[in-house]
Amino acid sequence: MQSITRELEQRLTVALRACFGDAAEGVDPMLRPTQDPSFGDYQANFAMALARTLKQKPRDVAEAVVERLDVADLCGPPQVAGPGFINLTLLPAAAGRRLQAIPPAARDGLDRVGIDPTPAPAVVAIDMSSPNLAKEMHVGHLRSTIIGDCIARMLEFEGHHVHRINHVGDWGTQFGMLIEHLRRTHPDVLNDPEHLRLGDLESFYVQAKQRFDADEEFATAARRAVVDLQSGDPATLAVWRAFCEESLRHCHEIYERLDIRVEDRGESFYNDLLPRIVDDLARVGLAVESDGAMCVFLDGFRNREGEPLPMIIRKSDGGYNYDTTDLAALRHRIEALGATRLLYVVGLPQKQHFDMLFAAARKAGWAGDKVELTHIGFGSMLAASGKMFKTREGGTVKLKHLLDEAVERARNVLEANEQDPEKKRGLAPEQMQVIAETVGVGAVKYFDLSHALGSDYKFEWDTMLSMDGNTAPYMLYAYARIRSIGREAGVDYAALPPDTPIVLEHESEIRLGKMLLRLPDVIEQAGREYRPNVITEYLFELSKAYNGFYDRKRGVRVKDATPESVRLSRLRLCDLTARTLKLGLHLLGIGTLEQM
RNA sequence: GCGCCGGUAGCUCAGCCGGAUAGAGCACCGGAUUUCUAAUCCGGCGGUCGCUGGUUCGAGUCCAGCCCGGCGCGCCA
């Protein structure tokens with residue numbers, strides 16, 4: 001399904017040229033969806049700006065373009081309105097033809113709803129999730145994980161080759177005490193590292209820390225473990241590896257539950273590359289010594305005293321820090337993975353770090369002009385109180401517990417409905433559990449992704465689990481209902497003949513049909529701007545359009561519509577709506593349900 | 001002190017390189033139900049878009065200053 005706006009933009013560009021020749025070169029037609037249906041479906045806003053450079057009246061410019069504009073096959077007669085807007089209204093027949101041309105879903109694999117992949121695929125590396133293996137994943141990792149996966153899905157859908165890189169923290173001094181603690185609590189760890197199981201990493205960390213602070217002998221041993229680890233002592237490495245693998249198992253329980261796949265690549269992977277990073281930067285004079293540390297000074301970065309702010313790539317004690325590791329990782333992604341688009345889905349507080357990282361990589365020549373470096377920053381998830389998300393005791397909230405609660409709350413809603421004779425579905429307990437998982441986890445994801453990335457948001461259970469409004473339950477219900485309608489109508493949507501004409505006559509049909517046609521633009525925009533909430537907004541609009549179409553007062557009959565051609569046309573609209581919802585939810589990382 | 005992000009309806013949030021009368025959900029009030037899954041739909045109420053000035057045909061959106069909140073700013077990541 002090709003974008004209608006792109007088509008109309010091309011026609012406008014042709015008309016602009018015909019009217020003004022070279023003066024119209026490079027002029028953006030500024031085609032936008034209208035906000036008010038009384039202005040049609042799309043409006044072109046170029047005339048006011050162009051009139052200025054042409055020294056003509058805006059309305060005259062608009063009239064002239066309309067005169068030469070050839071859109072009769074798609075739109076009704078273009079209208080010039082207000083100061084010089086050109087309003088375009090899609091013809092229902094043209095909309096119907098376009099919908100009809102959408103090919104059926106592939107038998108296997110993802111249903112692309114007729115949208116072609118890009119002819120120019122790129123290799124993309126997305127830095128996402130990236131918890132510290134020393135501790136359990138907590139709510140602070142949620143946004144990066146969910147948003148990163150969503151962006152990965154959008155780019156994969158476009159046809160790019162995407163690496164979801166889980167840049168886990170598996171190195172650093174804290175691992176000394178963990179190794180030492182592990183040795184003492186699990187003396188057999190080296191005999192059978194595969195079967196190491198630590199029930200709760202959080203309390204394991206706390207125990208190790210307490211012992212480190214209280215027991216001098218232990219602390220000494222822990223420090224020695226750090227040295228051994230860094231010098232590559234095999235026995236120490238083996239314990240460290242066993243710990244990291246166990247910690248990763250904990251992470252992957254969460255990822256599985258979230259239906260997210262990542263490529264684990266710990267910071268330690270880059271250890272061998274770090275000396276060369278410093279050497280290479282020193283050789284070209286980018287890294288210089290300052291207070292005993294090797295630093296890169298970049299234009300425009302100042303500390304609180306107003307002096308140049310360094311990026312420290314080797315500490316005065318000879319150790320490296322995350323600036324060095326991130327530089328090495330960046331280089332690796334470009335040189336070894338062949339990535340030309342490097343995305344970092346990391347919280348906004350780290351913006352300055354990435355500004356410096358990117359500046360350094362550009363200056364060093366490691367990232368050329370063709371390489372995109374983007375920090376996709378996001379705001380904080382706050383408790384409903386508006387404060388930082390904490391347990392009652394002030395600790396961090398484990399991600400596992402958050403998801404458990406989401407599913408439990410979803411299940412409570414389902415069970416309450418089963419008590420209500422009006423809403424009872426007669427679901428078996430196992431079915432209910434599956435539905436609760438999808439609804440609960442989906443609600444958390446959807447709620448997160450439905451907010452603008454940059455702003456903080458308040459985590460509110462009642463809002464995200466509500467059946468009303470822009471939520472996962474509403475969207476999942478809309479999908480399940482459409483599927484149910486197909487079953488009730490005795491129709492296998494997938495078996496509807498692809499050449500069944502789609503005829504848009506009733507106002508609610510026209511509205512729904514036009515909404516369906518916006519899909520390519522929505523996906524394109526969401527992917528280009530890295531904005532998941534463009535998709536959620538659209539899905540909500542689409543659901544509302546569908547509910548209007550299906551509404552018993554304002555909508556049309558579907559299942560028992562006559563004649564048969566109308567019934568089939570409407571069933572195809574149902575199918576296309578379901579397929580669009582499914583694709584949209586898929587891009588958000590949310591599965592659908594046939595029944596709920 | 002410098003920098004970044006935010007301030008939009010009672011609450012939670014949208015608002016697409018500046019576009020027509022600033023939107024949605026919740027809450028509140030009212031209406032629709034012989035159910036195609038009403039877990040829905042329709043209507044009403046509700047705003048000095050933090051403040052002031054500027055740019056221009058046009059500013060929630062861009063610029064400057066100020067107020068409020070959050071975060072960052074040399075060897076943690």
Side-chain angles (χ1 to χ4, degrees), chain A residues 28 30 32-36 38-39 43 45 48-49 51-52 58 81-85 87 130 132 169 171-174 267 290-295 300-317 319 321-323 325-326 347-353 355 377 379-380 382 384 386 388 413 417 420 422-423 425 450-452 454-458 460 462-463 466-471 473-474 476-478 480-485 488-489 521-522 525-526 528-529 531 533-534 536-537 540-541 544 547-548 550-555 557-561 595-596:
Chain A
D28 180 354
M30 298 212 284
R32 312 271 185 270
T34 56
Q35 204 172 352
D36 185 334
S38 66
F39 298 138
Q43 63 184 64
N45 300 339
M48 283 77 78
R52 189 174 189 73
F85 300 106
N87 293 334
S130 305
N132 189 327
W171 204 251
T173 53
Q174 57 196 331
E267 293 172 341
S290 170
D291 293 343
M294 286 301 282
C295 304
F301 296 97
R302 311 224 150 238
N303 67 13
R304 65 185 76 204
E305 279 77 41
E307 296 151 0
L309 177 69
M311 189 176 179
I312 294 172
I313 57 172
R314 193 176 67 208
K315 299 187 285 182
S316 51
D317 67 2
N321 59 21
Y322 83 142
D323 282 320
T325 310
D326 277 352
L348 236 18
Q350 294 202 53
K351 178 173 167 32
Q352 184 175 260
H353 165 66
D355 286 345
S380 303
L382 304 172
M388 296 299 277
V413 173
N417 284 338
D420 184 338
E422 297 277 311
K423 299 174 180 175
R425 297 270 186 274
S450 63
H451 290 83
S455 47
D456 297 347
Y457 74 82
K458 293 182 188 171
E460 294 183 312
D462 291 345
T463 306
S466 168
M467 282 307 305
D468 299 308
N470 191 10
T471 67
Y474 179 92
L476 288 169
Y477 174 72
R481 184 161 72 142
I482 299 172
R483 299 296 297 170
S484 164
I485 288 163
E488 284 296 312
D521 291 331
V522 167
Q525 188 194 355
R528 176 167 42 83
E529 299 178 356
R531 285 181 48 195
N533 75 317
V534 169
T536 60
E537 293 281 329
F540 188 41
E541 292 299 318
K544 284 194 285 192
N547 283 328
Y550 196 71
D551 187 72
R552 53 177 73 124
K553 254 284 166 39
R554 305 172 56 94
R557 300 299 300 179
V558 175
K559 197 173 92 175
D560 49 10
Q595 189 188 359
M596 72 179 274

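Below, chain A is the first sequence line, B the second, and so on; all start at residue 1.
- Listed by chain and number, the residues in a ring-ring contact (aromatic ring centres under 6.0 Å, His included) with H353(A) are Y322(A) (sequence neighbours excluded).
- Rounded to an integer number of Å, the gap from CE of M48(A) to C1' of rA20(B) is 9 Å.
- Pairing for rU40(B) goes to rA32(B), judged as Watson-Crick or G-U wobble with the two contacts each under 3.5 Å.
- Atom CE of M388(A) is surrounded by 12 or fewer heavy atoms from other residues, nucleotides or ligands within 6.0 Å.
- Applying the 3.5 Å distance criterion, the base of rA39(B) shares a donor-acceptor pair with the side chain of R425(A).
- As rounded to whole Å, 11 Å separates atom C1' of rC76(B) from atom CD1 of I312(A).
- Nucleotide rC45(B) forms a pair with no other nucleotide shown, judged by Watson-Crick or G-U wobble geometry with both contacts under 3.5 Å.
- One atom, CG of N45(A), and another, C1' of rC16(B), lie 12 Å apart when rounded to the nearest Å.
- In this structure, rG18(B) makes no Watson-Crick or G-U wobble pair, since no nucleotide meets both defining distances under 3.5 angstrom.
- The pairing partner recorded for rG53(B) is rC63(B), the criterion being a Watson-Crick or G-U wobble arrangement whose two distances lie under 3.5 angstrom.
- Under the 3.5 Å distance criterion, the side-chain polar atoms of S380(A) are left unmatched by any main-chain donor or acceptor of L382(A).
- Atom name C1', nucleotides rU48(B) and rG53(B): the rounded distance is 16 Å, in whole Å.
- For Q174(A), the side chain to side chain contact (heavy atoms under 4.5 Å, CB included) test picks out N132(A), A134(A), Y205(A), with sequence neighbours left out.
- Atoms CG (N417(A)) and C1' (rU35(B)) sit 16 Å apart, rounded to a whole Å.
- Rounded to a whole angstrom, the distance from the P atom of rG19(B) to that of rG25(B) is 23 Å.
- Taking the salt bridge (Lys or Arg N to Asp or Glu O under 4.0 Å) definition, one finds that D355(A) meets it with K351(A), sequence neighbours left out.
- Looking at heavy-atom distances under 4.0 Å, S484(A) makes contact with a base.
- Residues forming a salt bridge (Lys or Arg N to Asp or Glu O under 4.0 Å) with R32(A) (at least two apart in sequence, or on another chain): none.
- When heavy atoms are screened at a 4.0 angstrom cut-off, M596(A) is found touching base atoms of the nucleic acid.
- For Y322(A) against rA77(B), a side-chain N or O and a base N or O form a donor-acceptor pair under 3.5 Å.
- If you check every strand for non-hydrogen atoms under 4.0 Å, E267(A) touches sugar and phosphate atoms only.
- Which of rU37(B), rC13(B), rG74(B) sits closest to the side chain of H451(A) comes down to rC13(B).
- In this entry rG23(B) has rC13(B) as its Watson-Crick or G-U wobble partner, both defining distances falling under 3.5 Å.
- Y474(A) meets the ring-ring contact (aromatic ring centres under 6.0 Å, His included) test with F540(A); sequence neighbours excluded.
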With 3.5 Å as the limit, what N/O pairs link the protein to nucleotides 9-11 of chain B?
none

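- Between F301(A) atom CZ and rC4(B) atom P the separation is 11 Å, expressed in whole Å.
- The base of rG74(B) sits within donor-acceptor range of the side chain of S290(A), with an N or O pair under 3.5 Å.
- Distances shorter than 4.0 Å separate none of the side-chain N or O atoms of S466(A) from OP1 or OP2 on rU12(B).
- In this structure, F85(A) forms an aromatic stack with the base of rA20(B), since both conditions hold: centre separation below 5.5 Å and plane angle below 30°.
- Contacts of A489(A) with the nucleic acid, taken as non-hydrogen atoms under 4.0 Å apart, are absent.
- Figure legend. rC75(B) is base-paired to no nucleotide; pairs are counted as Watson-Crick or G-U wobble with both atom distances under 3.5 Å.
- Here E307(A) lies out of heavy-atom contact (under 4.0 Å) with every strand.
- Between the side chain of N87(A) and the base of rA20(B) there is at least one donor-acceptor pair of N/O atoms closer than 3.5 Å.
- Between rA38(B) and R481(A), a contact under 4.0 Å exists linking OP1 or OP2 to a side-chain N or O.
- Base pairing of rG69(B) is made with rC5(B), judged by Watson-Crick or G-U wobble geometry with both donor-acceptor distances under 3.5 Å.
- Residue Q525(A) is classed as a base contact, given a heavy-atom separation below 4.0 Å to a base.
- In this structure, E305(A) reaches neither bases nor backbone, as no heavy-atom distance under 4.0 Å exists between it and the strands shown.
- For the C1' atoms, the distance linking rA24(B) with rA9(B) amounts to 11 Å, nearest Å.
- rC68(B) and rG50(B) have their P atoms separated by 16 Å, given to the nearest Å.
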Check step by step if side chain to side chain contact (heavy atoms under 4.5 Å, CB included) holds for E537(A) and V522(A). CA-CA 9 Å; E537(A) 293 281 329; V522(A) 167; over 6 Å; no

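- In terms of polar N and O atoms assigned as donor or acceptor, the side chain of Y477(A) comes within less than 3.5 Å of the base of rU37(B) in a complementary pairing.
- As the counterpart of rG58(B), no nucleotide is assigned, since no Watson-Crick or G-U wobble pattern has both distances under 3.5 Å.
- Distance from the side chain of D468(A) is smallest to rC26(B) among rG74(B), rG15(B), rC26(B).
- Checking R531(A) against N321(A), the closest nucleotide of RNA chain B that is more toward the 5' end is the one next to R531(A).
- With hydrogens and angles disregarded, a donor-acceptor distance shorter than 3.5 Å links the side chain of R302(A) to the backbone of G306(A).
- Only the P atoms considered, rC5(B) is 15 Å distant from rG15(B), to the nearest whole Å.
- Between V534(A) and A526(A), the shortest heavy-atom distance links the atoms CB-CB, 3.9 Å.
- Interface remark: the R552(A) side chain does form a donor-acceptor pair with the rA38(B) base, using a distance-only criterion of under 3.5 Å.
- Residue contacts shown for P349(A) are limited to sugar-phosphate atoms, with no base heavy atom under 4.0 Å away.
- In this pair, Y474(A) does not lay its aromatic ring on the base of rA39(B); centres under 5.5 Å and planes under 30 degrees do not both hold.
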